[in-house]
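So the structure is just underneath, and the comments pick up after that.
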Amino acid sequence: MQVSPLSFLEQRFEAQRQAFAAESNPPAQVRIDRLNRLLALTENHESDFVRAIDTDFSGRAAHETRLAELFIVRAGIRHAREHLKHWMSPRRIATGLHFRPGYNRLLRQPLGVVGIVSPWNYAIQLSMGPALAALAAGNRVLLKPSELTPHFSELLDRLVRASFAPDELSVVNGGVDVGQAFVRLPFDHLFFTGSTQVGRQVAQAAAANLTPVTLELGGKSPAILDASCDIPAAVASVAYGKFLNAGQTCIAPDYLLVPTGLADIVADRLKAAVTRLYPALISNPDYTAIISTRHRERLNAMVQEARDGGARIIEINPAAERFDERTRKFPPTLVIGAAANARLMREEVFGPLLPIVEYDGLDQAIAMVNQGDRPLALYWFGRSVANRDRVLRETISGGVTVNDCLWHLVQEEQPFGGVGPSGTGAYHGEWGFRTFSKEKPVFYQARLNGARLFYPPYGRTFELMLRLLKRMT
Ligand code: NAD
C-alpha cells in the first residue's frame, strides 16, 4: 500500500520521538558513530553527489560542489568529532561567595527531535551541515531538502536509508505542501535555511507549537570598496565571491559600493577579472547555470527593468557566446546607475548580476547600508584602519570578511548566522552544537548552607542575614 507523504512524515516524527525517549542523552561513542556514518556517506559517494547536483542545476561546476559543499561538510564533521567530548562536558560556572560551598554547572543536553529545512543553492552543505551539528548534540533528525534539487534529494534519501535507522536520521522529500506540513510538526527545534519571505511563514508555524527556531535567511549583502583600497586585489575577490555558483550564494556580494567617480574604472577591472576566471561561459563547466528557467527569467526581468529605468548594463561574455532559451546559464552582468526603487536594488539578487553604486564619503556609504534591512554579510576592502573600524562599529550584519569575500563562513570557531531579516540564531562548530542543545544551569546545594536562615517566620535572623548579604554583593 502506498503511504502518502504526509502520513509518512508523521510516522517518522513519532518514531523519532519514541527513539529519543528511549535514549535521551546518547553517549559520545554513539554520536561519533553517527558522525562517522555521515562522513563515510559523503566520502564514498562524492562522484554521485557531484553528478546529482550537476543534473539538478543543468550545469554546476564540479569543483564548486567538491569545495563549497562536500569539503565544508567533511571539515565540519571532523571538527565536531574532534571536539565532541569537550563540548559535551559540563561547564564550570563561577559561584558567588555567599552561595558557597554550593557550586554551579551548566549541563548541555540534546533537545529531542530536530527538523531541518534546506534550500537548493548549496543543497549538500545546507542540509548536512545543520544535520551534523544536530547529531553531534545527540538529537534525532528529520531533514527536508528542497524540491528544486530532486536528484540530490533522492540520492540523499537513498544513502541515508542505507546508513541510518529511520528514527536516527531521515529524509522527507516533497514540495511546498510537505514543507508546510513539516514545519507544523511540534519539533523540539526547527532549523530553516531559505528566503526571508518563507522564513517568516516558518517562524509563524513554529510559534503555534512554541518550537524554537534558527532561521538562516538571505538579504542584500554589500561589498564596500574604500578609497584606501587596492582596487585590483579587491575586484579579484569580488569577482570570485560574486560569480561562484553564478551568484546563487546567500553571502555573495549583492551590490558594490565604490567612491564617486570610480564606477567605470571598477567595472572595467571587474570585466577583466571575470574574463580571467571564466574565459568562456556556456561551454565552460566551471561556470554554473541558474537553477531553473523561472529563476533565470526573474534575473532577465530585473535587468530589463533596470535598463528601462536608464541604467547602464555591462554584460560580460568573453567568448561572445549566444545566450538563448537553450541554456540555463546567465552571463555575469554589471549594472551602473540602477534606480533606487528598481527590483535589483530592493530584492536580493541571488544571481550573477552586480549593481555598482557610487557613494560620496564614508558617512553616505554607512547610511546606504543602514537604510536597508540588516544584511547577512558585509565585505569591506581598504587599508584605512579608521574607516574599517567605523564601518564595523556603525553597521550590523550577520558576519563580515575584511579585504576578501565569503571566508568568514568557513571559520569553524566562529558563529555563522544572520541578524533580524537575514536570520536568527547561528551554527557552525561549537555554536551549532549549542544551538541544538539545552544548556541547563544546575546549582548543587551544599549539605551545610545558610539558606534556612532566610525562611519564615521572619524576624531578627532574617534582617541580620539580609544586611550581611547586602555587604557581600
Ligand atoms: P525558499 O525559502 O524558497 O525554500 C527553502 C526551503 O523551504 C525549501 O526546502 C522549500 O521546499 C521550503 N519551503 C518553501 N515554502 C515553504 C513553506 N511555506 N513552508 C515551509 N517550507 C517551505 O529558499 P530557496 O529558494 O530554496 O533558497 C534561496 C534563499 O535562501 C535565498 O534567499 C538565500 O539567501 C537563502 N539562503 C540563506 C542561507 C543562509 O545560510 N543564511 C544559505 C543559503 C540560502
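Read the numbers this way: they start at 1 and go in the same order the structure lists the ligands and their atoms.
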For [X] and [Y], test the side chains for any donor-to-acceptor distance below 3.5 angstrom and give the result as yes or no.
X: R346; Y: N341; result: no
X: D254; Y: S221; result: no
X: Q16; Y: S170; result: no
X: D308; Y: Q304; result: yes
X: T65; Y: R60; result: yes
X: H151; Y: T55; result: no

Looking at [atom], what's its closest protein heavy atom, distance included?
atom: atom 32 (O) of ligand 1; value: E348 OE1, 2.7 Å
atom: atom 23 (O) of ligand 1; value: S195 N, 3.4 Å
atom: atom 41 (N) of ligand 1; value: L217 O, 2.7 Å
atom: atom 26 (O) of ligand 1; value: W120 CD1, 3.0 Å
atom: atom 40 (O) of ligand 1; value: F416 CE2, 3.4 Å
atom: atom 15 (N) of ligand 1; value: V198 CG1, 3.5 Å
atom: atom 5 (C) of ligand 1; value: T193 O, 3.7 Å
atom: atom 10 (C) of ligand 1; value: E147 OE1, 3.5 Å

With atoms numbered from 1 as shown, which atoms in ligand 1 lie under 4.0 angstrom from a non-hydrogen atom of [X]?
X: E216; value: 37 (C), 38 (C), 39 (C), 40 (O), 41 (N)
X: F350; value: 28 (C), 31 (C), 33 (C), 34 (O)
X: N121; value: 43 (C), 44 (C)

Contact summary for H408 and A377, nearest pair of heavy atoms
CE1-CB, 3.8 Å
Are [X] and [Y] close enough that their ring centres sit under 6.0 Å apart?
X: F191; Y: F436; result: yes
X: F187; Y: F182; result: yes
X: F350; Y: W120; result: yes

If you compare A426, G194, A123, C250 by their heavy atoms, the one closest to atom 42 (C) of ligand 1 turns out to be C250
S146, P119, S118: member with heavy atom nearest to atom 27 (O) of ligand 1:
P119
Backbone, side chain, both or neither: what part of [X] comes under 4.0 angstrom of ligand 1, heavy atoms only?
X: P145; value: backbone
X: L376; value: side chain
X: L126; value: side chain
X: V117; value: side chain
X: Q201; value: side chain

Check for me whether [X] has a heavy atom closer than 4.0 Å to any atom of ligand 1.
X: F182; result: no
X: F192; result: yes
X: G418; result: no

N-O pairing of R37 and E168 below 4.0 Å
yes
Go through R388 and D226 one step at a time and tell me if the salt bridge (Lys or Arg N to Asp or Glu O under 4.0 Å) criterion holds.
CA-CA 8 Å; R388 179 197 69 194; D226 191 66; over 6 Å; no
Any side-chain to backbone donor/acceptor pair from N284 onto D286? Under 3.5 Å, distance only.
yes
